[in-house]
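Data block below; observations after.
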Amino acid sequence: MIKNWESRGDGKFNESQFAAIGENVIFEDGTRVFHPESIELGSNIYVGHNTILQAYYKNRMTIGDNAFIGPNCFFHSGGGITIGNNVGIAANTAILTSVHEETDLDTPISFNPIVFSEVVIEDNVHIGIGTTILPGVRIGEGAQIGAGAVVTRNIPKFAVAVGVPAKVIRIRS
């Protein structure tokens with residue numbers, strides 16, 4: 001089976017293309033944005049070098065106020081991404097909102113249908129360096145995710161979660 005691939009463009013953008021953008025939003029060199037018309041940004045946001053914000057023609061990527069996004073992050077919001085206020089996301093973090101559904105074992109997985117599922121990161125969350133967040137996950141308010149974690153399921157409020165797959169090791173009080 002041959003797929004007809006096509007370019008998604010070079011990712012160059014200007015602030016007027018966003019669905020909404022607040023004050024004091026900093027994009028470092030090398031940041032690429034695809035479908036900025038599907039992205040809503042609050043105020044006081046830092047986006048580190050070489051980060052890719054891969055929005056989609058449907059669903060939204062929404063990032064609240066006072067967010068820090070480290071360098072080399074990859075956010076794919078085909079299923080939608082909501083990031084709350086006062087969220088810190090360290091370098092090399094990936095947020096994914098789609099997966100290929102394995103419906104036909106005779107077909108390579110990459111050619112099976114895509115299923116979309118929103119990721120929600122509530123207020124005051126800290127995501128450690130090199131974390132991967134998979135489709136359909138909700139990370140509760142005030143949670144901390146340890147470096148290198150792979151988050152495959154919901155994380156409750158004020159939890160500390162680490163590992164692959166991420167497991168809650170304690171609830172902060």
Side-chain angles (χ1 to χ4, degrees), residues 8-9 11-15 17-28 30-101 113-157 159 161 165-166:
R8 291 188 168 68
K12 293 180 180 170
F13 63 95
N14 64 60
E15 292 185 3
Q17 295 173 301
F18 287 91
I21 188 166
E23 297 178 4
N24 192 35
V25 177
I26 297 169
F27 296 100
E28 293 289 9
T31 298
R32 298 283 185 237
V33 177
F34 299 88
H35 289 286
E37 71 279 3
S38 297
I39 300 175
E40 299 174 3
L41 301 172
S43 295
N44 302 314
I45 296 173
Y46 174 88
V47 181
H49 295 86
N50 302 313
T51 287
I52 296 174
L53 302 179
Q54 176 78 53
Y56 201 60
Y57 68 92
K58 57 183 177 180
N59 296 316
R60 288 274 183 200
M61 180 185 301
T62 303
I63 301 173
D65 296 337
N66 307 311
F68 175 90
I69 300 166
N72 301 311
C73 289
F74 176 73
F75 297 177
H76 180 272
S77 68
I81 294 174
T82 301
I83 297 172
N85 297 316
N86 311 310
V87 171
I89 300 174
N92 300 310
T93 293
I95 301 175
L96 309 172
T97 63
S98 65
V99 63
H100 289 275
E101 182 178 51
I114 297 175
V115 177
F116 298 98
S117 190
E118 183 181 26
V119 167
V120 176
I121 300 172
E122 295 181 4
D123 294 345
N124 307 311
V125 169
H126 179 79
I127 308 290
I129 192 168
T131 295
T132 300
I133 302 170
L134 296 181
V137 166
R138 175 180 286 271
I139 299 175
E141 178 184 358
Q144 293 179 310
I145 309 299
V150 177
V151 184
T152 61
R153 61 182 62 155
N154 293 345
I155 304 297
K157 291 181 178 185

Nearest-0.5 Å distance, OG1 of residue T132 to CZ of residue F74
11.0 Å
Return the CZ to OG distance between F34 and S77, rounded to the nearest 0.5 Å.
12.0 Å
To the nearest 0.5 Å, how far apart are CD in Q54 and CD1 in I81?
10.0 Å
Partner residues of Y56 under the side-chain contact (heavy atoms from CB on, under 4.5 Å) criterion, sequence neighbours left out
K58, F116
Side chain T51, main chain G70, donor-acceptor under 3.5 Å
yes
With no hydrogens and no angle check, is any side-chain donor or acceptor of S43 less than 3.5 Å from a backbone partner on E23?
yes
So do F13 and L53 actually touch side chain to side chain, heavy atoms under 4.5 Å?
no
Heavy-atom closest pair, residues S117 and G136
OG-CA, 3.1 Å
Where G78 and N59 come nearest, the two heavy atoms and their spacing
O-ND2, 2.6 Å
Locate the shortest heavy-atom distance separating A90 from T93; write the atom from each residue and the value.
O-OG1, 2.9 Å
Where the side chain of E122 meets the backbone of E141, is there a donor-acceptor pair that is under 3.5 Å apart?
yes
Minimum heavy-atom separation for H76 and T97, please, with both atom names.
O-OG1, 2.7 Å
With the side chain counted from C-beta on, respond yes when E118 and T82 share a heavy-atom pair under 4.5 Å apart, and no when they do not.
yes
Which distance, rounded to the nearest 0.5 Å, do you find between the OG1 of T31 and the CG of N72?
9.5 Å
Is the closest side-chain heavy-atom distance between I63 and V47 below 4.5 Å?
no
Heavy-atom check, side chain of E28 versus side chain of P71, under 4.5 Å
no
Only one of I83, L96, V33 passes side chain to side chain contact (heavy atoms under 4.5 Å, CB included) with F75; say which it is.
I83
Minimal non-hydrogen separation, A55 against S38, with atom names
CB-CB, 4.0 Å
From CG (N154) to CZ (R138), nearest 0.5 Å:
7.5 Å
Gap between atom CZ of F18 and atom CD of E37 - 0.5 Å precision:
10.0 Å
Set out, in order, the CA-CA distance, both residues' side-chain angles and the distance that settles side-chain contact (heavy atoms from CB on, under 4.5 Å) for I121 and I133, then state yes or no.
CA-CA 10 Å; I121 300 172; I133 302 170; 3.9 Å; yes
Can you give me the closest heavy-atom contact between G140 and V125, atom names plus distance?
O-CG2, 3.3 Å
Flag for D65-N44: side-chain donor and acceptor within less than 3.5 Å:
no
Checking side chain to side chain contact (heavy atoms under 4.5 Å, CB included) between I45 and each of V87, I26, V25, which is the one that passes?
V25
Please tell me whether N66 and N86 have a donor and an acceptor in their side chains that are separated by less than 3.5 angstrom.
yes
Are R32 and K12 packed together at the side-chain level, in the sense that at least one heavy-atom pair is separated by less than 4.5 angstrom?
yes
Less than 4.5 Å apart, side chain to side chain, heavy atoms only: is that true for I127 and I139?
yes
